[in-house]
Amino acid sequence: MKKINDIISSVNSALTVEDCQYPTINVPVEQLKNVAKKLFENGYDFLINLTGMDYKDSLGVIYHISSSVDKNAMVVLKTTTDNRENPVIPTVSDIWESANLYEREVYDFFGIRFINHPDMRRIFLRQDWNGYPFRKDYDSNPELNPVPLENQTIEAMEDVPTLTVNKDGDLVANSKPLFGKQEYVINIGPQHPATHGVLHLRVSLDGEIINKVDPNFGYIHRGIEKMCETKTYPQILQLTERLDYLSGTMNRHAFCLCVEKAMGLEVPARAQAVRVIFDELTRIASHLLGWGCTCMDMGSITAFIYGMRDREKIMDIFEETGGGRLMVGYNVIGGVANDVSPKFVDQVKEFIPYMRKMIKEYHTLFTYNPIARGRMENIGFLTKEQAVALGTTGPVGRASGWSCDVRKIEPYAGYDKLDFEEVIRTEGGTLDRYLIRLDEIEQSLRIIEQLINNLPEGDFKAKTPAIIKLPAGEYYQRVENARGDFGVYINSTGEKNPYRVKFRSPCMTLISALDPLCKNEKIADLIMIGASLDYVIPCADR
Amino acid sequence: MLELDKLVNLIHEGLTSAMPEMAWLVSLIEYVLIGVAFLAVYCVLALVLIYVERKVCAFFQCRIGPNRVGPFGIFQSIADMVKILLKEIIAITKTDNVLFKLAPFIVLTGSLCTFGALPFGKGLQGIDFNVGVFYLLAISSLGVVGILLAGWASNNKYTLIGAMRSGAQLVSYELSASISILTMVILAGSMQLSTIVEKQADAWFIFQAPLPAFIAFVIYLIAGHAETNRGPFDLPEAESELTAGYHTEYSGIQFGFFYLAEYLNMFIIAGIATTIFLGGWQPFHINAEWASGFNSIMDYIPSWLWFFAKVFALVFLSLWVRWSFPRLRIDQLLKLEWKILMPISLINMLVMAVWVLIF
Amino acid sequence: MEVKDISIKNMKTEDFKDNAYLEKYVEELRQGGVNVVVGVLDDIINWGRSNSVWPLTFATSCCGIEFMCVGAARTDFARFGWEVTRNSPRQADVIFVAGTIVHKMAPVLKRLYDQMAEPKYVIAVGGCAISGGPFIDSYHVVKGVDQIIPVDVYVPGCPPRPDAMLYGMMQLQRKIKVENFFKLPNKPNREKETSDESSTTQSK
């Protein structure tokens with residue numbers, strides 16, 4: 001806190017630091033750039049989240065910034081602009097690389113343009129979309145934006161508008177094409193077996209060598225955050241699961257934690273333990289699917305089927321207790337939906353040794369296979385600096401040597417009392433990203449083993465009021481899901497539904513790592529690198 | 001006993017005696033009969049192979065595989081055939097129309113012609129050239145022309161990349177496949193397939209010169225596997241990269257031709273390997289005094305059965321590899337050929353020459 | 001042919017729901033009576049088609065994962081001969097619309113459908129594909145894929161269990177089994193255009 005005060009007052013003594021959940025600074029637009037630079041120079045090199053806001057009378061942006069060195073440090077910057085007609089804010093994408101996509105998102109949703117941002121295309125919606133849907137005065141009449149039956153033209157996809165300041169201090173809007181006329185550009189996706197969803201990659205090729213990758217998002221943009229604004233908190237829970245369906249339980253957990261934190265609700269010990277077991281089982285299931293898809297992308301369909309076969313065991317456990325398979329719907333605000341099934345403990349105890357045995361088989365079948373090794377070694381290196389700049393958390397960040405496990409940094413749900421290692425590798429190559437998932441499965445098994453042997457007795461759910469209302473304010477909760485740092489930002493005005501909800505998706509930053517990773521690699525490596533990043537597109541598109 | 005050569009002779013004699021004056025008509029009828037027989041066997045084999053592949057694949061993947069259509073799902077591929085025959089063929093406007101339609105036929109013709117030259121059993125060979133090996137090598141690489149045409153004529157970036165990969169792959173692997181076969185020609189001293197098979201009556205070539213022949217056999221299997229465009233060498237149709245590779249734009253029976261040819265190529269490669277390394281239709285003999293009883297029991301099994309048994313054993317091996325290994329990358333694929341297989345097979349040819357001189 | 005005769009191995013007709021709907025469909029198809037030869041040929045063709053339905057690998061979100069499960073070892077759809085998933089729409093017979101279709105994706109889905117060769121079928125998997133499901137309030141979600149392409153079978157659920165998808169597949173098989181090859185296609189979208197014509201040409 002004092003450190004932050006020193007940093008801020010060194011920029012401008014008029015700025016003050018508010019003491020909310022995290023130190024919060026309201027910065028005028030003109031000084032944003034200076035403050036951001038100063039923070040970055042003082043070690044705040046990890047931009048966790050960037051949220052656009054519509055305060056009705058003004059538009060604004062909220063920056064959640066942390067550090068890769070001093071991991072607990074977190075600071076929140078807020079800036080607003082009163083101009084609703086033509087709002088502009090200076091970009092921070094030259095300071096934090098990960099801001100690039102976030103700012104495009106804010107432009108898409110709120111119409112705020114960022115000065116000097118290299119690429120001000122709409123990110124999720126089509127370029128010809130009318131209006132900015134997240135503004136409170138958005139006209140949601142479906143006739144304004146009917147279901148289109150023609151694809152966007154290539155020109156619309158490739159024409160990159162920018163906003164710069166000229167010598168006289170006036171704003172100038174420019175546009176330039178993304179690819180040169182001579183470039184051999186192929187479209188991978190949106191319907192392609194290897195993009196793990198509906199990601200659309202435009203790849204410029206020189207023979208088999210990749211020059212540039214341009215990810216196009218939005219083919220599964222469902223507007224979940226906007227929908228949250230009209231739903232009550234318990235209703236939102238089911239939407240969080242469908243963000244990143246492979247770590248649905250963890251996303252739901254994050255939202256529950258955020259609401260519980262805001263309500264000041266104490267979760268019973270038994271519920272916490274069960275939640276953690278479910279989280280870790282989900283993590284295993286997700287990593288198994290990730291492993292299987294990596295193998296399948298390499299052409300080894302048998303390995304994929306093996307991964308799915310073992311994943312079914314976890315699905316069985318979920319089904320027995322939670323009732324659902326993929327969408328368990330088990331975490332609720334205050335605890336879990338119902339007590340665990342009588343079979344639960346036995347099932348889990350049976351599963352742990354089985355899974356340990358299977359991991360050995362995976363290594364024999366695939367990891368030690370010379371062809372697989374040849375495909376994964378020496379490609380797609382991500383340095384730690386790049387990982388921090390791009391904000392690629394989770395297994396990808398840890399494979400590059402960046403210790404970024406939220407379970408260790410900001411322990412929640414009793415993770416601090418558990419004994420497990422944060423698996424960290426140093427190389428940052430595709431093979432490391434592949435191996436780290438299998439290692440994490442073993443750590444997850446360790447966590448489950450500790451909990452299942454002494455599951456606390458007691459209530460499975462705390463008492464909650466019939467209508468859940470959060471006190472006015474802002475709340476942020478981070479959770480480590482299978483892909484990285486998943487964050488929930490809730491802005492409440494004291495109503496039964498939130499004023500604004502923002503999910504920090506780990507997948508979007510993972511996709512932004514595709515371009516730097518794939519440069520000068522072969523097209524077959526693009527698939528491998530994509531598989532090793534293991535992104536889920538609906539999580540990125542939200 | 002159950003040999004089919006007697007049947008062939010019977011037909012020939014019957015026809016000649018019925019129409020002694022018109023030898024040309026007899027020949028014509030025989031040609032047509034042989035053609036029909038080959039086409040029928042070709043199609044039936046393709047159906048069987050497709051079914052076998054699906055069942056074997058299911059077995060490797062802890063699944064059941066087709067089991068609804070007929071007992072154990074044996075009519076599954078027939079249902080597929082009925083479906084694919086009646087599927088719409090999409091005419092695409094921006095393609096090179098002639099080449100687009102020609103390509104599947106070239107691929108099919110290539111594999112069918114090779115198929116015709118294989119000695120299936122005693123007296124069961126469509127055509128017996130004195131340069132049979134040469135013919136096999138020449139005609140089996142015709143398929144690549146079809147693939148290149150398909151990729152080019154489809155006017156699609158994916159198919160083009162797939163076809164180019166396929167071209168590079170087939171041209172490269174053709175070399176070591178040919179050299180390993182030539183190694184065996186040195187041992188056989190003949191290029192005529194019937195002679196090659198005859199010479200293996202006492203012991204298969206792979207046992208006659210164990211070291212060089214075995215190396216040649218393994219290299220041929222790898223190279224042949226690569227020529228069939230099947231995993232781990234299925235880069236031209238690498239699903240995860242190129243959707244369906246060179247045949248992305250083909251539908252209906254045109255795609256069916258590619259599909260058929262792919263499976264038959266697998267059979268043909270196994271067939272050539274069987275003929276040249278594993279004694280063709282010759283039964284397994286132990287060349288020793290004490291084993292004469294064993295040898296006569298082996299002789300009891302009809303020759304075509306021997307041939308198919310050996311071929312299917314090799315096909316199973318190929319499926320095993322297909323469903324176990326991940327896919328190579330294009331540079332690794334070419335490196336494997338030019339830096340490993342090619343030098344080894346050249347040296348192996350020398351070794352074989354020396355072997356033949358010494359023994 | 002009555003619905004009772006549509007045989008699916010190991011499943012009784014009574015086990016299926018929506019038999020009334022299928023009966024009505026069959027009645028419509030058989031209005032002019034069936035020629036014996038044509039009927040037998042139809043049966044053979046429908047047998048082939050219904051037992052060899054190759055799906056397109058298409059998934060947009062959650063349901064796609066369950067679709068993978070259908071293909072995996074536990075609920076193996078290879079038993080029905082469906083495991084030949086084609087990546088090229090030209091070679092696929094059925095498209096499982098597994099997941100939400102949003103505005104930006106709608107033209108892509110339509111193009112995929114247009115690229116498929118006849119006969120082609122569509123199975124809408126999950127609430128999102130049927131009606132928009134949990135995202136029906138969203139500004140960017142298409143409220144049911146039947147707004148874009150004609151759907152043959154709806155499989156409800158969010159996401160549906162693999163068993164439900166198998167059931168949906170069998171329902172599609174039943175639907176294919178009553179088709180008339182020697183008539184204009186019975187796709188719902190074509191029916192409107194050809195309804196006048198077909199009533200006169202049906203009795204050939």
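The sequence lines fix the lettering, A, B, ..., with proteins before strands; numbering per chain opens at 1. Only this structure's heavy atoms are used, side chains among them; waters, hydrogens and symmetry mates stay out.
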Can you tell which part of B/Tyr259 gets under 4.5 Å to a heavy atom of chain C, answering side chain, backbone, both or neither? side chain
To the nearest 0.5 Å, what is the distance between CG (C/Asn51) and CD (B/Gln76)? 6.5 Å
Please rank C/Ile44, C/Asp93, C/Val53 by heavy-atom pairs under 4.5 Å with chain B and give me the top one. C/Asp93
Which atoms of B/Leu86 are under 4.5 Å from chain C, going by heavy atoms: the side chain, the backbone, both sets, or neither? both
Verify the distance criterion only: is there a donor paired with an acceptor across the side chains of B/Gln169 and B/Tyr173 at less than 3.5 Å? no
Is C/Asp114 salt-bridged to C/Lys110, cutoff N-O under 4.0 Å? yes
More than 12 heavy atoms of other groups within 6.0 Å of B/Phe316 CZ: yes
Under 4.5 Å, counting heavy-atom pairs only, tell me which of B/Lys83, B/Gln61, B/Glu249 racks up the most with chain C. B/Lys83
Give, for atom CZ of C/Arg86 and atom OG1 of B/Thr248, the distance between the pair rounded to the nearest 0.5 Å. 9.0 Å
So if I apply the ring pair (Phe, Tyr, Trp, His ring centres under 6.0 Å) rule between B/His247 and each of B/Phe255, B/Tyr158, B/Phe100, which one comes out positive? B/Phe255
Of the listed C/Trp82, C/Trp54, C/Phe77, the one with the largest count of heavy-atom pairs under 4.5 Å with chain B is C/Trp54
Test item: side-chain donor near acceptor, C/Ser88 and B/Tyr250, under 3.5 Å: no
Any Lys/Arg nitrogen of C/Lys120 or C/Asp152 sitting under 4.0 Å from an Asp/Glu carboxylate oxygen of the other? no
Checking heavy atoms, do the side chain of B/Ile89, its backbone, both or neither come under 4.5 Å from chain C? neither
Of the listed residues (B/Pro66, B/Cys57, B/Cys62), which shares the most heavy-atom pairs with chain C below a 4.5 Å separation? B/Pro66
Above 12 or not: heavy atoms from other molecules or residues under 6.0 Å from CH2 of B/Trp152? no
Report, in residue-number order, which members of residues 101-110 of chain B are under 4.5 Å from chain C by heavy-atom distance. none
